[in-house]
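Residue numbers start at 1 and run along the sequence shown.
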Amino acid sequence: MTREELEAILVSTREELASTKIALESTRAELAKTLELLKMVLEENQKLREQLKRNSKNSSKPPSTDQKGNTGGNNQRPTNIGRIGIARTLFPSERIDRHVECSQKNCPHCGSSSIRLSNQSPEILQQAELPEAQAFVTEYQLLKYGCIACGKNSTARLPKGVPNSAFGPKLMGLLALLTGVYHLAKREAAQLIQDLYGVDISVGSVPNIEERVTAALEPIYKRIHSFVLESKFCKYFDETGWRDCGQRHFVWLASCEHAAIYMIHLRRNTEAFEKLVGKSTLDFACVTDRYGVYNSLKIHQYCLAHLIREFRLYAERDGPDKEIGEALERELKTVCRIHRNYREEQLSFKQRNRQLKGSQRKVECWLEDGMANGSDELSKICESLLDNFDKLWTFIRVSGMDPTNNLAERDLRKLVLWRKKSYGTRSNRGKNFVEKITSVAQTLKRRGKNVLHFIQEAVASFYRGSAVPFISEALGF
């Protein structure tokens, strides 16, 4: 082979190597893009799988959204086993309207008539029955007059305390209870009153009655609002979604040991929260989740139940997140158990604090581990909790404070169920009715009061022009 042929082969080889190098670099770039895209797809797939696994135990989703599995036949309770009942408390003698003495003439075993009355006390069965009820109808005849002096006509007025309505205060209170507390549909509530008392109420009259009840409960609502925010009791705040006039709104809740107040607002931001708390200095003790709106609160406890559910989600992953999530979930549950034992007087104050010190050290160590070795998402949460570590333990320093926000979540559950049934409200007066009736009813239940009787008395006082009743005069609301 000649020199010229070798040089030609060499040039051809160099050109081929150059083109191969360019193709290789292009392939590497495409491979890098493909790997990056694959990483994004895997991360997105992981997020979607976690979303499918989210339930009330590893997130803030309500239990009603959980997918219930089929119950196995082996786990079902046998139907032929009788249940041990608990004897009802007997009515006192003054509540007995009628006595019936049951006797017999023959022995039920052999049929003999030679029987005698035993000295033993008779067996008692008290049976409660409903009376046949019918609405009491009053006809007011408003006489008309003509003035001889001025020649003008006039009509007599209704007696003081009688509403200018086809329905009296007690009926208004009952209807408001059916729709606002028991959450019956307006048509169902009207039909129930028709069936019970023979009073025909049109569906259009129901919101009118609700509006009148709202006006009667307005001063009581304001007193509850002032008490919750101005009292020294620990506050519990929370919020959830709502629908009003086809738009997304939010229900805000402020709750304490003795009362609860609700507010529906268009926003879920600082403006809405400030409207709920008014001109308060925000120096009261409170428990909330980690929503940023609450960061301005001074004596602030993070809800540990929220964190337990959050770390349970990481415990369901693989790798370091699993170990860290399981450890933090376990330690925070231990903290809640220790405080529960103290609240149930199984531990003294010193014993509780001594046990919690060990849990504090363990939680801090695992948070540092999560920040250093966890995924980006877990690391960010752990870093945030370490920066606000004192907010995990405020309940140790504040008397009467719980480490969880369960009180507010239970109070908010009422409106979550109402929202699912009614899809929210469609007017300002409907929204006002929901706020007032729910606040008053929840507070009454917490105080052990009769909701129906109180609402009826409030409506009657409103029309009499007298002072509205107090739920608790001692507490001032």
Interatomic distance, CD@Q51 vs CG@L313, rounded to 0.5 Å, equals 10.0 Å

Counting distance only, does the side-chain N/O of D402 pair as donor-acceptor with the main-chain N or O of T404 below 3.5 Å? no

Side chains of F237 and L253, heavy atoms from C-beta outward: is any pair under 4.5 Å? no

Centroid separation under 6.0 Å, is that true for the rings of F470 and F477? no

Locate the shortest heavy-atom distance separating M401 from A285; write the atom from each residue and the value. CE-CB, 3.6 Å

I need the I261 CD1 to L276 CG distance, nearest 0.5 Å. 8.0 Å

Tell me if a side-chain donor or acceptor on R426 pairs with a main-chain N or O of G246 at a distance below 3.5 Å. no

So does T394 get a backbone contact from the side chain of Q301, meaning a donor-acceptor N/O pair under 3.5 Å? yes

Any side-chain heavy atom of L297 sitting closer than 4.5 Å to one from D283? no

Exercise: identify the closest heavy-atom pair between G173 and Q456: CA-CG, 4.0 Å

Considering only heavy atoms from C-beta outward, does the side chain of E326 approach that of Y314 to under 4.5 Å? no

Show your reasoning for whether side chain to side chain donor-acceptor pair (under 3.5 Å) applies to R290 and H306. CA-CA 9 Å; R290 294 192 302 116; H306 279 78; over 6 Å; no

Ionic contact status for R317 with E377, cut-off 4.0 Å: yes

A cation-pi test, strictly: NZ or CZ of R447 under 6.0 Å from the centre of the six-membered ring of F454 and no more than 45 degrees from its axis. Yes or no? no

At their closest point, which heavy atom of V228 faces which heavy atom of S255, and how far apart are they? CG1-N, 4.3 Å

Okay, side chain of D387, backbone of S384: is any donor-acceptor separation there less than 3.5 Å? no

Any side-chain heavy-atom pair of E211 and F433 under 4.5 Å: no

So does A272 get a backbone contact from the side chain of N269, meaning a donor-acceptor N/O pair under 3.5 Å? yes

So P163 and M172, do their side chains get closer than 4.5 Å, heavy atoms only? yes

Is a side-chain N or O of N55 found less than 3.5 angstrom from the main chain of N58, in a donor-acceptor match? yes

When you look at E409 and R309, which way does the salt bridge (Lys or Arg N to Asp or Glu O under 4.0 Å) test go after all the steps? CA-CA 14 Å; E409 291 187 350; R309 293 193 294 266; 3.3 Å; yes

Supply the atom-to-atom distance L452 CG to L177 CG, rounded to the nearest 0.5 angstrom. 5.5 Å

Decide salt bridge (Lys or Arg N to Asp or Glu O under 4.0 Å) for R429 and E210; before the verdict, give the C-alpha distance in whole Å, the side-chain angles of both, and the deciding distance to 0.1 Å. CA-CA 8 Å; R429 68 177 181 177; E210 291 177 346; over 6 Å; no

Flag side-chain contact, heavy atom, 4.5 Å: R446 against D411: yes

Greater than 12 external heavy atoms within 6.0 Å of R464's CZ: yes

Would you indicate whether the side-chain heavy atoms of K380 and E383 approach each other to under 4.5 Å? no

Establish, yes or no, whether the cationic atom of K436 lies under 6.0 Å from the six-membered ring centre of Y221 and within 45° of the ring axis. yes

Got a donor-acceptor contact below 3.5 angstrom from the N341 side chain to the I338 backbone? no

Kindly check if the number of other-residue, nucleotide or ligand heavy atoms within 6.0 Å of CZ (R49) is above 12? no

Counting N and O atoms only, with roles assigned by atom type, does the side chain of S226 sit under 3.5 Å from a partner on the main chain of K222, one being a donor and the other an acceptor? yes

What verdict does the salt bridge (Lys or Arg N to Asp or Glu O under 4.0 Å) test give for E271 and K275, after you've listed the backbone C-alpha separation in whole Å, the side-chain angles of each residue and the deciding distance to 0.1 Å? CA-CA 6 Å; E271 175 190 352; K275 184 178 179 182; over 6 Å; no

Looking only at non-hydrogen atoms, find the nearest pair between C245 and S427 and report the distance. SG-N, 3.8 Å

Per side chain to side chain donor-acceptor pair (under 3.5 Å), H300 is matched among T288, D390, N388, N295 by T288

State, to 0.1 Å, how close A458 and A216 come at their nearest heavy-atom pair, and which atoms those are. O-CB, 3.9 Å

Ionic contact status for E316 with K53, cut-off 4.0 Å: no

Look only at the side chain of Y291 and the backbone of R268, and say whether a donor-acceptor pair between them is shorter than 3.5 Å. yes

Do any N or O atoms from the side chain of E435 and from the backbone of I264 form a donor-acceptor pair under 3.5 angstrom? yes

Sole candidate of D244, L412, V416 that passes side-chain contact (heavy atoms from CB on, under 4.5 Å) when paired with V251: L412

What pair of heavy atoms forms the shortest contact from A441 to V181, and how long is it? CB-CG2, 3.7 Å

Got C336 and I308 here, is their nearest side-chain heavy-atom distance under 4.5 Å? yes

